[in-house]
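Remarks on the structure that follows.
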Amino acid sequence: MADHSTLYVADKRLPTAVGWIERESDYLELVSTVEIHHVAVQGLRLRLTARRSMPDEAVTCQLEYHERRKLGGAFSRVDWKPIHRHPNKRIGPPVLWNVWFNGTHHHEFHINWAYAASRVRRGDLPIAIGIPNEPQNFDELLAFLAKELRIDGLGSIPRPPWQAVLPLSA
Amino acid sequence: MLRYLQTSAPSDFARLVDSVARQIVTTQHRPDGSFINTPLVYPNGSTVVVKIHQSGERYFVTDMGLGYQEADLMGASNIYSRHARLIAEAAGIKFDHQAFFVIEATREQLSGAVVTVANCSQEAVIVTAYRLSERRDADEAERLYERLIRVFSTNRVSKDAEVIGHSSTKWPVTTLVRPEKRGRVTVFEPVRKHHGSIAHVNMKFSDLRALEKPPNCVAVVQRKAEFGTWLGVLTLSANVIDDDVPNETFVRLAEAA
């Protein structure tokens, strides 16, 4: 059984090129296995979601781990230009208590692991932090994720097949 | 409040409260519709957002499938769809495979429709998270049982058994190992780091230990080190082990009974 913190800091790469699939009418998803030292690790996955009708926003990226025969979940999650907001609870360092994030935020692994490890194992990441230099486009987002999550090969991920929706007549 | 009502100008406090209320709900207007960002939150902490589209004198209100997306990120979109349908039905609104919606709300119905859609979306994700948690518990119980039948013989181990405590309460126990010859039975019970789980097991074990011939009670946790002071609470009524201890530890505990 690998430890989440070992997985997080390990140098990782995507073993194969993966594409976006349309799960439901507007909901796009990309899921990839993740490799460490030439081994595609059981239960370790990278998942990105986007909305077809919302170009250049509303992308969520999470690194998931499901320990052998256990239901796990995300242990790091980035919400890039989301349409939702995230209010922190009173968990974690006091400086982050009850802070509202109205835009891009990061449910960063180390801070959640330090304050809520047992919740992290179940895919619950209660604490969010801001990202000082918010990625301005999808390529910058991938660059941020590659550095933050230590995953090589993210450049092979194609842009979501976004399609801006024309305003409907009222 | 009384003071505010008695004065013509709102106090600083009243202005502050008004400002807080305005911050809690925000709106965003786009060419294809408007968003209301509500103060309701999904279990992961993201706020519930509802979209409104105008069509003449009627309004289309939807959660855009954001609840479904949250459930999918939890790995539980199937559970979500199953429950969302029932939740929509009970609230008198619609649910397709992905989104909650109200098709033709009037201007007078609009605020109620927004609140209904938002609450349904949130409720469906909460129910999904709860069901997922139940599945995790069932998986933990199954893993413990499989471990025990590898360590002891199958005929010595029972799953989902029942033991009557000192108070005559019938307690369900997750796994029970009978002694090979004489001796007491041993109850192995998985415990999560949650006050509810700890309190329940503690209550059960306290009642069992008060019996004239009490079973040996063992709490099985994922990582003792993370229990902090809760470990002291658990050890009031049970021996506590990590779930990955060697087989010999399980044998030793059962034989000590």
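In what follows, chains are A, B, ... by sequence order, proteins preceding strands, each numbered from 1.
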Side chain to side chain, Arg85(A) and Thr26(B), heavy atoms closer than 4.5 Å: yes
For the student: nearest non-hydrogen atoms of Trp100(A) and Ile24(B), plus distance: CH2-O, 4.3 Å
Which atom of Arg122(A) lies closest to which atom of Arg136(B), heavy atoms considered: O-NH2, 3.0 Å
Contacting moiety of [X], where chain A heavy atoms sit under 4.5 Å:
X	answer
Tyr68(B)	side chain
Arg192(B)	side chain
Gln28(B)	neither
Glu57(B)	neither

Distance-only donor-acceptor check, side chains Gln222(B) and Ser118(A), under 3.5 Å: no
Arg119(A)/Glu226(B) salt bridge by N-O under 4.0 Å criterion: no
Glu67(A) and Arg143(B) ion-paired at < 4.0 Å: no
Which of Glu29(A), Lys89(A), Arg77(A), Arg47(A) touches chain B most, by non-hydrogen pairs under 4.5 Å: Arg77(A)
Side chain to side chain contact (heavy atoms under 4.5 Å, CB included) assessment of Thr47(B) paired with His86(A): CA-CA 6 Å; Thr47(B) 52; His86(A) 174 87; over 6 Å; no
Side chain, backbone, both or neither of Pro126(A) within contact of chain B (heavy atoms, under 4.5 Å): neither
Structural part of Thr60(A) lying under 4.5 Å from a heavy atom of chain B: side chain
